[in-house]
Amino acid sequence: MFKKILIANRGEIACRVMRTAKKMGIATVAVYSDADAKAPHVAMADEAVHIGPAAAAESYLVADKIIAACKETGAEAVHPGYGFLSERASFVEALDAAGIAFIGPPAPAIAAMGDKIESKKLAREAGVNVVPGYLGEIADTEEAVKIANDIGYPVMMKASAGGGGKGMRLAYSEQDVRDGFEATKREGLNSFGDDRVFIEKFIEQPRHIEIQVLGDKHGNIVYLGERECSIQRRHQKVIEEAPSPFVTPEMRKAMGEQAVALARAVDYHSAGTVELIVSGKDTTGESFYFLEMNTRLQVEHPVTEEITGVDLVEQMIRVAYGEKLPFSQDEIAYDGWAIEARVYAEDPYRGFLPSTGRLTTYSPPHEERSDEGVVRVDDGVAEGGEVSMFYDPMIAKLITHGADREAAIDLAVEALDAFELEGLADNIDFLSALLQHERFRSGEITTGFIAEEYPEGFEGAPTDEQLRTDLVALAAIVGMTHETRMSLIDGQLGEPVYPSMHQAVILDGARHDISVDPQEGETIVTVGEETVAVIADFTPGQSLLDADCDGRRRIVQVHHNGRGFEMVTRGARHHARVLPRHVADLLPHMPEKVAPDLSRFLMAPMPGLLTKLHVGEGDKVEAGQPLAVVEAMKMENILRAEKAGTVKAVPVPEGASLQVDEVIVEFE
């Protein structure tokens with residue numbers, strides 16, 4: 001077995017690979033850019049080598065620097081993780097020339113599957129179903145329009161070398177093609193160095209299913225079931241699960257056999273994933289089509305590991321060393337259900353804008369494996385660390401495993417309640433809302449789920465009456481605990497004055513008169529006509545309240561502010577104040593601060609680069625008109641006018657680096 005391997009990546013996947021390598025007794029080498037000098041993956045490795053500036057193009061994407069690091073440290077093999085150089089055939093060839101093993105598939109297989117156009121041709125030849133479309137190179141927008149019209153709308157425009165949701169545009173009309181074709185080419189060129197675009201029919205009510213394959217160098221190839229990856233936003237996966245609630249055993253077998261046939265056609269070994277699209281309208285499940293093959297480890301590989309018990313990273317390392325797979329297709333069994341939720345640095349309350357900054361608080365839920373289920377967190381960040389604009393915004397992956405789908409979902413919701421993260425915006429509330437959504441829990445999902453269920457954006461998960469009553473009761477305990485503490489401090493100057501047991505809780509603007517009756521081992525809180533028996537051990541300054549409300553477990557994050565405190569749970573944020581009733585009576589007469597009117601300004605919704613300005617001083621604009629393009633985290637974001645107006649000033653030039661909320665355009 002290898003004695004030392006280098007992980008040519010960063011963040012959570014670098015840490016993930018290192019955990020398995022250490023378990024196998026293999027020494028590890030990390031590489032890092034200027035931005036990652038103090039990153040967890042650097043601290044976790046046995047050795048670390050600096051490879052350049054923060055920009056990936058000058059560090060993680062430079063093959064020569066990776067090879068030099070291998071030679072410097074004596075690393076015998078390289079695991080590429082996902083992204084960066086993981087699907088570069090030229091990198092594999094360079095490693096081979098240097099006598100360094102690649103922990104992944106052979107270069108010809110990467111080259112064949114890395115080109116979406118060529119891979120579809122190969123898939124068709126291997127007997128794999130492919131989506132109707134045009135697989136040749138498209139010269140310009142006019143040709144793209146003609147092709148799209150011939151195929152019939154809707155169509156999907158995709159960068160040939162794309163991946164991870166980048167370089168993709170959905171077009172429902174000729175105008176959509178004209179608006180999006182050049183942008184798709186630019187994203188392909190900027191992210192992958194290849195501006196070729198292809199067009200294919202968009203499958204309506206589509207479900208995104210993928211098959212995990214694993215092969216060795218001795219001709220053995222198996223599939224390890226499917227993953228459901230339909231919950232996506234802008235083609236970026238958000239929640240994945242294994243197995244799929246849609247796939248039958250017969251479908252699994254047919255899909256798996258086609259995936260293996262494709263892998264065999266390109267002499268594949270190592271882990272790989274064949275992505276398929278299936279129409280939700282297809283009740284037989286026979287109309288599934290090949291999308292692409294990812295010749296690497298997928299971000300969502302943990303859900304397959306949890307239901308099969310197979311450590312995919314370990315098998316990749318063993319295959320690269322020349323070992324045979326230790327199991328056959330008939331020996332692969334599936335147990336229970338697994339869910340993965342991706343925690344991103346983005347603000348769902350502001351249109352999912354990317355967020356950067358320092359993690360002032362980072363406390364993920366405790367990992368556990370028991371008869372009740374599994375809670376697993378794959379991450380590569382630490383409290384005090386920085387999430388920068390240079391890399392992917394993913395912070396962590398929360399993985400849960402239960403006896404069935406409902407159990408796995410419930411575990412995930414509970415774990416998200418306990419996921420404490422401060423310092424930048426995150427999507428934890430949104431993930432919780434998705435997992436609680438009735439349609440998601442029914443399994444009737446498509447890739448359009450988020451767009452269909454949240455057409456106006458996200459404003460927090462709905463709160464049922466029982467949860468609201470419990471929150472009022474918990475707010476009473478939190479508020480009175482703090483008031484009791486303050487009375488004891490005041491009591492140092494005289495006799496303490498304890499708070500009244502009769503208070504008013506203002507929760508999200510609504511008043512609830514409550515009474516508190518402390519008893520041995522529990523507190524009885526009366527909220528209106530209802531009583532709630534609360535068991536909670538809460539002390540002032542505590543940020544996480546884990547309580548029992550009449551047998552219902554409630555995990556609530558508590559954040560104090562100037563005029564009360566915020567309670568975060570079950571995918572929503574609630575503002576609470578606890579006041580003496582006579583003070584609460586005065587609230588309607590207290591003046592409220594009015595927020596300033598910012599409607600005259602187009603402000604940067606995120607830190608990024610102003611790549612394009614479409615307007616100048618004195619220009620008249622109409623609602624919906626593109627005003628500027630801001631590039632952040634490798635994605636182009638088109639900013640449009642919300643209403644008609646006249647441009648008064650443009651205070652920043654094209655090419656400027658923007659801070660969040662920086663004014664780009666001022667209107668009269």
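In this chain, residues are counted from 1 in sequence order.
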Taking side chain as C-beta onward, heavy atoms only, is [X] less than 4.5 Å from [Y]?
X: E226; Y: E228; result: no
X: F327; Y: V310; result: yes
X: Y289; Y: L276; result: no
X: R369; Y: E306; result: yes
X: I26; Y: I317; result: yes
X: R252; Y: Y223; result: yes
X: H235; Y: K158; result: no
X: V247; Y: R207; result: no

Backbone N or O of [Y] within a donor-acceptor pair of the [X] side chain at under 3.5 Å?
X: S230; Y: H208; answer: yes
X: D267; Y: A109; answer: no
X: K324; Y: H218; answer: no
X: E241; Y: W337; answer: no
X: E76; Y: K3; answer: yes
X: N129; Y: F288; answer: yes
X: K65; Y: E58; answer: yes
X: D115; Y: E118; answer: yes
X: E367; Y: V377; answer: yes
X: H50; Y: G52; answer: yes

At what distance, to the nearest 0.5 angstrom, does [atom1] of [X] lie from [atom2] of [Y]?
X: I67; Y: F91; atom1: CD1; atom2: CZ; answer: 6.0 Å
X: S432; Y: I409; atom1: OG; atom2: CD1; answer: 11.5 Å
X: R342; Y: D378; atom1: CZ; atom2: CG; answer: 12.0 Å
X: D311; Y: T20; atom1: CG; atom2: OG1; answer: 3.5 Å
X: S90; Y: L85; atom1: OG; atom2: CG; answer: 7.5 Å
X: E420; Y: D426; atom1: CD; atom2: CG; answer: 11.5 Å

Mark yes when over 12 heavy atoms from residues, nucleotides or ligands other than Y334 sit less than 6.0 Å from its OH; otherwise mark no.
yes

Counting neighbours of NZ on K22 that are heavy atoms of other residues, nucleotides or ligands and sit closer than 6.0 Å, is the number greater than 12?
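More than 12 within 6.0 Å, yes.
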
Does the side chain to side chain contact (heavy atoms under 4.5 Å, CB included) test come out yes or no for L325 and Q315, once each step is laid out?
CA-CA 7 Å; L325 293 181; Q315 292 307 316; 4.2 Å; yes

Worked verdict on F198 versus K120 for side chain to side chain contact (heavy atoms under 4.5 Å, CB included)
CA-CA 11 Å; F198 70 95; K120 281 182 166 52; 4.0 Å; yes

Dump the intermediate steps for salt bridge (charged side-chain N to carboxylate O under 4.0 Å, His left out) on D46 and K4, then the final yes or no.
CA-CA 9 Å; D46 297 297; K4 183 186 292 187; over 6 Å; no

What I want to check is whether the side chains of [X] and [Y] have a donor and an acceptor closer together than 3.5 Å.
X: N220; Y: H269; result: no
X: T295; Y: E87; result: yes
X: T273; Y: N294; result: no
X: E275; Y: Q298; result: yes

Does a side-chain N-to-carboxylate-O contact under 4.0 Å join R376 and E340?
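Salt bridge between R376 and E340, a charged N being under 4.0 Å from a carboxylate O: no.
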
Check this for me: does any side-chain nitrogen of one of E631 and R186 sit under 4.0 Å from a carboxylate oxygen of the other?
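Looking at E631 and R186, the cut-off is not met.
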
Can you spot which of [options] makes a side-chain contact (heavy atoms from CB on, under 4.5 Å) with [X]?
X: L398; options: P364, P302, P365; answer: P365
X: V313; options: I13, L297, I103; answer: L297
X: H401; options: V303, L411, I307, I339; answer: I307

Checking salt bridge (charged side-chain N to carboxylate O under 4.0 Å, His left out) for the pair R16/E12: CA distance, chi angles, key distance, verdict?
CA-CA 6 Å; R16 163 71 188 91; E12 72 86 14; over 6 Å; no

Looking at [X] and [Y], what are the two nearest heavy atoms and their distance?
X: S355; Y: V387; result: O-CG1, 4.1 Å
X: R296; Y: G81; result: CB-O, 4.2 Å
X: V343; Y: N427; result: CA-OD1, 3.4 Å
X: Y268; Y: S270; result: CE2-O, 3.4 Å
X: G256; Y: I211; result: CA-CG2, 4.1 Å
X: I66; Y: A8; result: CG2-CB, 3.9 Å

Side chain to side chain donor-acceptor pair (under 3.5 Å) partner of Q212, chosen from H301, E300, R227
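Per the side chain to side chain donor-acceptor pair (under 3.5 Å) rule, the option paired with Q212 is R227, out of H301, E300, R227.
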
Between K253 and E257, is a salt bridge (charged side-chain N to carboxylate O under 4.0 Å, His left out) present by the stated rule, with each step listed?
CA-CA 6 Å; K253 185 174 185 294; E257 288 176 350; 2.7 Å; yes

Let's go through F102 and D96 carefully: what are the C-alpha distance in whole Å and the side-chain angles of both, what is the deciding distance for side chain to side chain contact (heavy atoms under 4.5 Å, CB included) to 0.1 Å, and is it a yes or a no?
CA-CA 8 Å; F102 180 68; D96 186 56; over 6 Å; no

Honestly, is R233 close enough over Y344, meaning NZ or CZ under 6.0 Å from the six-membered ring centre and within 45° of the axis?
no

Apply side chain to side chain contact (heavy atoms under 4.5 Å, CB included) to residues H41 and I7 and explain how you reach the verdict.
CA-CA 9 Å; H41 78 279; I7 296 87; over 6 Å; no

With salt bridge (charged side-chain N to carboxylate O under 4.0 Å, His left out) as the criterion, how do R169 and E187 come out once you've worked through the C-alpha distance, each side chain's angles and the decisive distance to 0.1 Å?
CA-CA 10 Å; R169 289 288 192 285; E187 284 188 5; 3.3 Å; yes

Describe, in one word, how the ring planes of F84 and Y60 are oriented to each other, choosing from parallel (under 30°), tilted (30 to 60°) and perpendicular (over 60°).
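Ring orientation of F84 relative to Y60: parallel.
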
